[in-house]
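To start, the structure under review is shown below, and the notes come after it.
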Amino acid sequence: MSKDIVYLDNSAVTRIDEKVLDAIKPYYFDDYAVATSEFAYTMGIEAKEALENARNTISDSIGAKSEELIFTSGATESNNLALKGVMYNQDKKGHLIVSDIENFSVLNTAKTLEREGYEVSYISVDEKGKIDFEELKEEIRANTILVSIQHANQEIGTLQDINKIAEYLHEKDILFHTDATHTFQRIPIDVSKTPIDLITVAAHTIHGPRGIGGLYKRKGVKIKKLMDGGFQENNLRAGIENIPGAVGFAKAVELITEEENSRLKELRDYLIDKVEEEVEDVTLNGSREDRIPQNANITFHYVEGESITLHLDMRGFAVSTGSACFSKSLEASHVILGIGGDHERAHGSIRFTFSRYNTKEDVEKIVEAVKDVVNNLREISPLGKKGSE
Amino acid sequence: MSEEIKVNCLGENCPVPLVETRKALRKAEKGDVLVVTGDHSASKKEIPMAVEAMDLELISVEEKDDYWEIRIRK
């Protein structure tokens with residue numbers, strides 16, 4: 001792959017930081033024992049120490065106690081463990097609430113639970129992607145066990161007011177889970193101040209390794225173990241611990257700074273302003289203010305997102321689209337439809353997500369390319385006014 | 001020895017013809033000729049745009065009875 005590529009799909013995955021890779025290496029080549037070998041030999045003791053140091057670093061960063069973090073294989077597993085783990089642990093099949101625009105690992109888990117006889121409510125969002133808090137209150141039933149509302153949306157980056165939701169649910173004695181995959185380390189969370197019960201976190205969005213994530217579980221919250229096997233992770237997640245992954249995850253956490261998050265926000269706003277200034281007929285998807293620092297999502301009307309992404313790729317830019325034509329399913333983004341957009345708006349949406357390795361020059365280059373590509377495509381577009389003129 | 005590679009995209013909508021063309025181009029050797037056929041009108045315009053962006057030679061764009069044929073040299 002060309003080194004010259006401008007990669008702006010960092011919500012899909014980020015490039016690993018060299019310092020993270022350096023931190024990981026010894027746990028593949030030197031100290032590669034599993035943590036349970038702490039009972040047998042020194043290498044095992046050292047491996048266990050590395051795992052627990054990583055756990056400390058990550059849990060500390062959200063104000064949690066070390067024993068409240070369960071390592072998983074990533075956000076999908078954490079979301080499954082949170083939802084199924086809580087719901088399966090009840091004597092009777094209870095009620096779950098999720099939002100319409102959750103990540104598929106929450107939405108499809110909720111649908112599985114529904115098929116298994118659990119009650120599930122899906123609450124709507126407004127045109128910016130904010131949940132309707134009144135609707136949430138109305139949906140609460142006597143048997144509501146758990147509410148799962150993401151901290152920020154994976155496509156449009158809209159932030160939810162999780163503090164308000166957490167406080168309300170805490171009073172009602174209902175468990176609250178939030179998927180913080182796209183906010184972890186970008187937007188502060190402090191569980192010592194906010195009564196969130198379960199939080200999904202992952203390393204792949206913060207220049208850490210893939211295949212490692214975590215579930216924060218407040219002390220006292222009971223969940224059912226999903227996979228049978230050994231007694232790892234406090235007997236809540238079987239399978240040998242991914243110690244290199246955990247070490248890399250912790251290193252990735254250490255490397256994020258407030259300055260970096262401010263810089264990402266500047267890049268985001270610079271791109272939004274420039275696109276709005278230089279390209280006609282565009283709509284910013286999501287909230288202008290309440291959005292994660294690394295995300296800009298814009299619909300370019302009268303053109304298909306897939307065409308934009310392909311033409312940008314040929315010019316050396318990697319972005320993603322809310323359109324799903326690549327899978328031939330022709331299903332538009334459930335998020336854009338969820339905020340009241342039509343299929344045309346969803347199909348023309350492009351998500352630009354920034355990372356540590358992006359620069360202002362990248363933004364300038366991509367805006368020029370987008371302008372050119374979109375104008376060319378509009379000339380031949382079968383979708384709208386310009387193509388049919 | 002250059003080859004002629006056929007890419008049949010009849011019945012496929014945008015962006016599939018462009019995606020298939022790009023996949024075939026990746027596998028093709030320098031000098032090979034791709035013959036892409038399809039019937040989606042936007043793709044007929046979009047593929048030549050992509051050929052230009054990739055700095056390849058667009059040999060011809062022909063309208064047949066109920067489909068189009070694009071020839072590209074890698």
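Below, read A as the first sequence line, B as the second, and so on, with proteins coming before strands; counting in each chain starts at 1.
- Pairs passing the salt bridge (charged side-chain N to carboxylate O under 4.0 Å, His left out) check and including a residue from residues 24-39 of chain B, sequence neighbours excluded, do not occur.
- Side chain of R291(A) to backbone of N153(A): no donor-acceptor contact under 3.5 angstrom is found.
- Residues of residues 52-61 of chain B that come closer than 4.5 Å to chain A, counting heavy atoms only, are A53(B), M54(B), ordered by residue number.
- Here CD of E278(A) is found 11.0 Å from CG of D273(A). Values are rounded to the nearest 0.5 Å.
- Remark: Y67(B) engages no residue in a ring pair (Phe, Tyr, Trp, His ring centres under 6.0 Å) (not counting sequence neighbours).
- A side-chain contact (heavy atoms from CB on, under 4.5 Å) with Q294(A) holds for exactly one of R186(A), K265(A), R268(A); it is R186(A).
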List the atom pairs, with distances to 0.1 Å, where a side-chain N or O of residues 361-369 of chain A and a protein N or O form a donor-acceptor pair under 3.5 Å, not counting sequence neighbours.
| unit_1 | atom_1 | unit_2 | atom_2 | d |
| --- | --- | --- | --- | --- |
| D362(A) | OD1 | T359(A) | OG1 | 3.4 |
| D362(A) | OD2 | N358(A) | ND2 | 3.3 |
| D362(A) | OD2 | T359(A) | N | 3.0 |
| E364(A) | OE2 | Y270(A) | OH | 2.6 |

